[in-house]
Amino acid sequence: MKRSLGLAMLLALSLAPSARAANEADYKAAYAAAEAASKEAAGMRNQWTVTLSALAAAKKAADGGDFDRAVAAAREAEALAKASIFQASSEKEAWKAMEIR
Amino acid sequence: MASSIRVRATSSGDITEVQALIQHPMDTGLVKDSKGELIPAHFIRQLKFECNGKDVFVADWGTAVSKDPYVKFSFKGAKKGDELKISWTDNKGGSDTTIAKIA
Amino acid sequence: MTTTPKPHWRPHPTRRLILRGAASVALLGLGNLPFAAAPARAAANDKYPEEAFRQKSEADAIKALYGKTAEPSDKVKLDAPEIAENGGVVPISVTTTLEKVSSISFFVAENPSALAASYRIPDGTIPAVANRLKMARTTKLTAIVEADGKLYSATKEVKVTVGGCGG
Amino acid sequence: MKVRIHLLLGSLGAALVAFALAAPRVTAADKVDPVADAKAFQNFFFQKFPNVKHEDFVNGPYSMNEDMKRQWQEKEEFPPYEFALDAGKEMLSTPFKNGKTYADCFPNGGIGIRQNYPYFDSGEGKVVTLELALNRCREANGEAPYSYVKDEMASLTAYMAYTSRGKPMDIKIPDDPRALAAYENGKRYFYTRRGQMNFSCASCHVQSPGERIRAETLAPALGILNAMPIYRSEWSGMGTTSRRFVTCNSQTRAVPLEPQSDEYRDVEYFLSYVANGLPISGPGARP
């Protein structure tokens, strides 16, 4: 139970809305961070489908010029990617608890 | 090409039990394919079973019949060795027919 | 004559032989079709109930198909699963002890068009049918039997939902 | 619908906690012992479902739910995989362009051998599954490989499974550290949580077999691959083991790996090994 609490907190923390309207530079930064985290998750062979859809949503929003939504989506993608990284590393040992012996 | 109709007719006493499985997509016309376009309706409208020159069973089907449709029924008045003729037509003018001996 | 269900994992030699026999005979039969086109006469009176299949609601479909209303009867035994294994393939069968049956039809109330299938039962054919139908969502399923000019019905609810945990 | 899913996740979460506490003490030195694993694995299911006959576990959800078993046996009289069986039989004997056939790549012409797959190939040092061996045979004879998740591969494996029906699963782990490692890697994959749903294969198929996940009844993990390939009404078509692994991943919102990647080959190796002795019942028909 402790582990999934960690995941939930991580997700909530990163979704805090930013105050002023976002511009393209903010989007580019947020997207780059999200993409890096997503690549790391893929490297651990534990990517989540929702991370990819959030990244796609961010790009789509940015193409449409709506940088507020684009930054929010990119931040969500980053949080999801980080959660999947957290999951992969904690599961390295945690799986043994469920093993039938 | 093997027939699209698989049939098994077994008779015991005066009753012949018939089971048929037909290879057909039975598309409703309401489903989208992976590219998002509607797959046009393509379904069997009528399936007929004849034995000794007489219709023994006629099915009128809509789009709610499952893919690769299956049907089972029984009828009297036939015996081992008689021939059962099965034929279907679909809404695109497609059709198939086959004849099976009652086992 | 109900077949006792054989334990699944043992191979079914008899079923394979019968099937293979039927299949090979089927191919054989194709060759010597006595007449090319089905006789027009036979096709004439097999009018496909176009209008009935187009109706959306069950009541309209019954009216279009039979032109009268049905009354529930316990002589019509409708067998359908309580929860459908899958909405695309729902095994349904009906049997009846009524006499002089001329037609059996299935109506799926919640489907885009209610009439699913209609069977003509010439005399000499046992009034019973088993088939597999599609159901869009949890729905009332009605089987109607036309016996001696009157309509008798049986209704059952079938729960239908998707499977899996998310995706 | 949304509420029900959360309810479901909640109940599964609670079940996980209960299980984690009840799990016997973790033994100190984790020496890999497949024989003991298989015994423990089978006993877990035999004790959890005492009135399910041992060989019935290979019938997946139908061993868990009477109403669905009745629906299934009705369908088995004229199963929807009939066409795949006939197509597979024809394909198995149809020669390649170079005149050879599958019989030249497989012992006994590919008939009645499914129970020995997957096997550990000491030359390659990796697990080789039936689907992989079929495609390698095609490529060795100048033919294009089949997709792992489409009908041709499913038809071929369906017919080969049918010729082995009833034979007990017979997977071997040679005395080779790489084989033990592959087995262990498969076991780890089976118990590792993934996807946003945070489920492992075990979350559904060990802790909740027989329970419902919306319309479907979950199959027990014991013998879960014995019925492969399966005709699924949900796909209204045949599905290979690869297709099942890929779709299970996306169900938990994990991005699937490439079919026949090492993890999938190893988890198939693990799941088949622990089902040794249970009969092959493929091809199967499932919801």
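Quick note: numbers below take in every heavy atom, side chains included, and nothing from hydrogens, waters or symmetry partners. Chain identifiers are assigned alphabetically (A, B, ...) following the order of the sequence lines, protein sequences preceding nucleic acid strands; residue numbering begins at 1 within each chain.
Proximity to chain B at a heavy-atom threshold of 4.5 Å picks out P122(C), D123(C), G124(C), T125(C), I126(C), A128(C), V129(C), A130(C), N131(C), R132(C), L133(C), K134(C) from residues 122-139 of chain C, in numerical order.
Side chain to side chain, Q46(B) and T89(B) fail the donor-acceptor criterion of an N or O pair below 3.5 Å.
For F49(B), no part lies near chain C; criterion is any non-hydrogen pair under 4.5 Å. In this structure, chain C has a heavy atom under 4.5 Å from the side chain of I15(B), while its backbone stays farther away. In this structure, no portion of L84(B) lies under 4.5 Å from any heavy atom of chain C. Only the side chain of K54(B) has a heavy atom closer than 4.5 Å to any heavy atom of chain C. For P112(C), the part lying under 4.5 angstrom from a heavy atom of chain B is the side chain only. Contacts between L30(B) and chain C at a heavy-atom distance below 4.5 Å involve the side chain alone, from C-beta outward.
Listed by chain and number, the residues in a side-chain hydrogen bond (donor to acceptor under 3.5 Å, both in side chains) with S118(C) are S105(C) (sequence neighbours excluded).
Side chain of K156(C) to backbone of D79(C): no donor-acceptor contact under 3.5 angstrom is found. T96(C) contributes a side-chain N or O that, together with a main-chain N or O of K75(C), makes up a donor-acceptor pair within less than 3.5 Å.
With a 6.0 Å radius and a threshold of 12 heavy atoms from other residues, nucleotides or ligands, K68(C) has its NZ atom above the threshold.
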- Does the pair E50(C) and R45(B) meet the rule for a salt bridge (Lys or Arg N to Asp or Glu O under 4.0 Å), with working shown? CA-CA 10 Å; E50(C) 200 73 49; R45(B) 286 161 56 99; 3.0 Å; yes
